[in-house]
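Just follow the structure's listing: the first ligand is 1, and inside any ligand the first atom is 1.
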Amino acid sequence: MKTGAALISDASQSHGTAYTLSERKKLGLEGLLPPVPVSVEMQAEAALETMRSCDTLFQKALFLQSLHAANETLFFHLLVHHVSEVLPIAYTPAVAELCLNYSHCWRFPKGVFLSWEDRGRISEVLENVPQEQVDMIVMTDGNRILGLGDLGINGMPIPAGKLGLYTAFSGVQPSRTLPITIDTGTDNEKYLSDPLYLGHRHKRIRGEEYFAFMEEVIFSIKKRWPGAVIQFEDFGNENAFKLLDQFRHRYCCFSDDIQGTGSIVVAGLISAARAKKSRLSDERVLFFGAGEAGTGSADQLVSAMNILEGTPLDKACQKIFLFDIDGLVTSHRPNLAPSHLPYAKDMDPDKDLVSCIRKIHPTTLIGLSTVGSAFTNEVLKVMGEINETPVIFPLSNPNVKSECTPHEAYVATNGRALVATGSPFPKENFNGRVIVPRQGNNAYIYPAVGLAGLLGKLPSIEDEDFLIASRTVADMVTDEDLAAGSLYPPFERVREVCRNIAANIILNAKKKNRCFIELPEDVQGWVKSQMYEPIYK
Ligand code: NAI
């Protein structure tokens with residue numbers, strides 16, 4: 001057992017100034033701490049005060065990062081008990097600042113870098129990782145970080161931040177999480193010519209060589225930690241779908257961008273249909289942005305219409321329209337991407353969003369494009385003209401990339417729109433009515449899916465698991481939430497949401513013979529008992 005200076009320097013064990021006088025005597029801490037002990041609540045109050053006093057998001061994020069490196073329990077206490085205030089600093093939008101400045105202000109070793117230059121000896125490199133037990137891995141190659149593009153190894157704060165949310169929301173032990181960044185180069189010219197960039201300065205490795213390298217990476221990880229669940233995060237469009245196909249039926253792994261986003265979008269659409277007293281299959285949905293998140297969401301929506309409402313797959317696909325950087329996705333498009341094929345319509349090509357909306361008459365417009373302010377006043381007004389209750393989800397992150405603000409959507413539709421955003425926005429006071437546009441953030445989904453894979457020892461994560469997650473989230477939206485224009489439960493309930501999702505996925509997997517462990521009678525209670533709590537022990 002650690003005592004004295006060694007104890008308070010160990011972030012995973014330290015209680016900082018919260019040690020009582022008798023604990024200080026017993027543990028050799030007398031004189032090593034400011035004399036008066038405080039409670040964790042008082043520590044949290046002081047930390048929040050300091051965080052609030054920082055001028056910029058970046059400074060706030062750095063403060064939180066240093067707190068995490070000094071006192072893990074206090075960091076997670078803040079994230080769990082002050083989630084609405086701390087989440088935007090611990091993850092989006094502030095994490096974007098940490099990424100953009102990563103190489104120039106690297107301070108704490110956190111996570112593992114696996115480089116193309118180390119191919120053939122990845123197992124050897126992984127031997128340097130001190131953790132004997134790793135349960136949850138989030139991995140990126142930095143190719144498409146948030147809506148910011150190729151940030152190379154500067155993307156490391158993303159897997160590190162996501163794993164923080166795993167611990168805070170689904171209670172995965174922090175000591176058993178491992179962020180991994182794959183360095184296969186970068187095509188970002190700025191970094192290629194920046195002598196302070198900390199990754200290898202060469203263009204990205206592509207094609208066969210890339211996938212063979214990833215095979216070695218995943219094999220080596222599974223050799224060292226066979227039970228670990230792997231989440232793929234922010235891989236580029238050209239690789240993300242193939243990687244998922246390469247590994248999804250062999251290992252317990254999933255892509256948050258493709259599957260997690262789809263799941264949270266479907267949850268919001270189930271709530272919107274409930275508010276409108278309609279069915280998912282009655283909606284006509286136009287996705288503005290047809291990359292990983294857009295087509296992943298379209299696929300999940302089709303499967304929801306099919307499984308929940310019995311709509312045949314081809315009929316469900318007819319309800320969905322894609323629009324990307326080249327305009328409306330039509331069957332006349334040369335070199336149609338396989339992921340676009342089911343949704344390509346026999347219509348004339350059109351690059352104008354307003355004109356497409358007038359032709360298609362969508363009930364729902366979903367932004368997953370990375371193009372900030374793309375939903376202009378004209379776009380929003382047309383949605384309001386053709387719908388009594390238009391559903392408008394500007395889901396791109398961070399805030400500056402949001403296709404519109406909730407305020408703009410409410411103003412253009414006279415407060416009739418049902419809105420969910422990707423990044424956090426404040427509530428609105430519109431004509432005397434308080435509207436709370438909650439976040440359609442996959443942070444409700446992936447920590448729970450990972451937890452289910454882990455506790456249920458599932459051999460793989462299947463599409464139906466994400467559908468169960470969508471339904472569980474939607475079921476937790478109350479009538480009061482809907483009355484306030486909220487399509488998701490408040491983030492304050494995120495641990496309860498994650499617990500329910502994980503339990504429901506495990507129970508369903510057991511029913512379908514995909515879970516091979518003995519389950520206790522009270523699966524909910526058991527899941528809860530396995531979750532890390534940020535309390536001093
Ligand atoms: P991606 O790069 O795979 O796809 C972007 C898509 O937008 C492509 O289809 C592209 O053609 C299209 N696009 C780009 N410029 C356009 C323009 N001017 N007009 C029309 N379409 C345009 O990126 P991915 O992974 O699909 O992510 C997109 C956005 O969604 C990002 O900002 C990301 O932060 C956000 N996102 C939000 C999530 C949430 O939970 N709210 C989860 C995952 C992603």
Given the options V391, N387, L301, T364 meets side-chain contact (heavy atoms from CB on, under 4.5 Å) only with V391
Apply ring pair (Phe, Tyr, Trp, His ring centres under 6.0 Å) to the pair F375 and F288, showing each step before the final yes or no. CA-CA 9 Å; F375 295 168; F288 179 79; 5.6 Å; yes
Of all heavy-atom pairs linking F235 and L243, the shortest is CD2-CD1, 3.3 Å
Check your understanding: Does the pair Q439 and S423 meet the rule for a side chain to side chain donor-acceptor pair (under 3.5 Å), with working shown?
Key -> CA-CA 6 Å; Q439 262 180 283; S423 293; 5.5 Å; no
| message | Does the plane of the ring in F430 sit parallel, tilted or perpendicular to the ring in Y410? Use 30° and 60° as the thresholds. | response | tilted
Expected contact list for ligand 1 at under 4.0 angstrom, heavy-atom basis, is R144, L146, G147, N237, T261, F288, G289, A290, G291, E292, A293, D324, I325, L368, S369, T370, V371, L395, S396, N397, G422, G440, N441, N442
*asked:* Counting only heavy atoms not in R495 (residues, nucleotides, ligands), do more than 12 fall under 6.0 Å from its CZ?
replied: yes
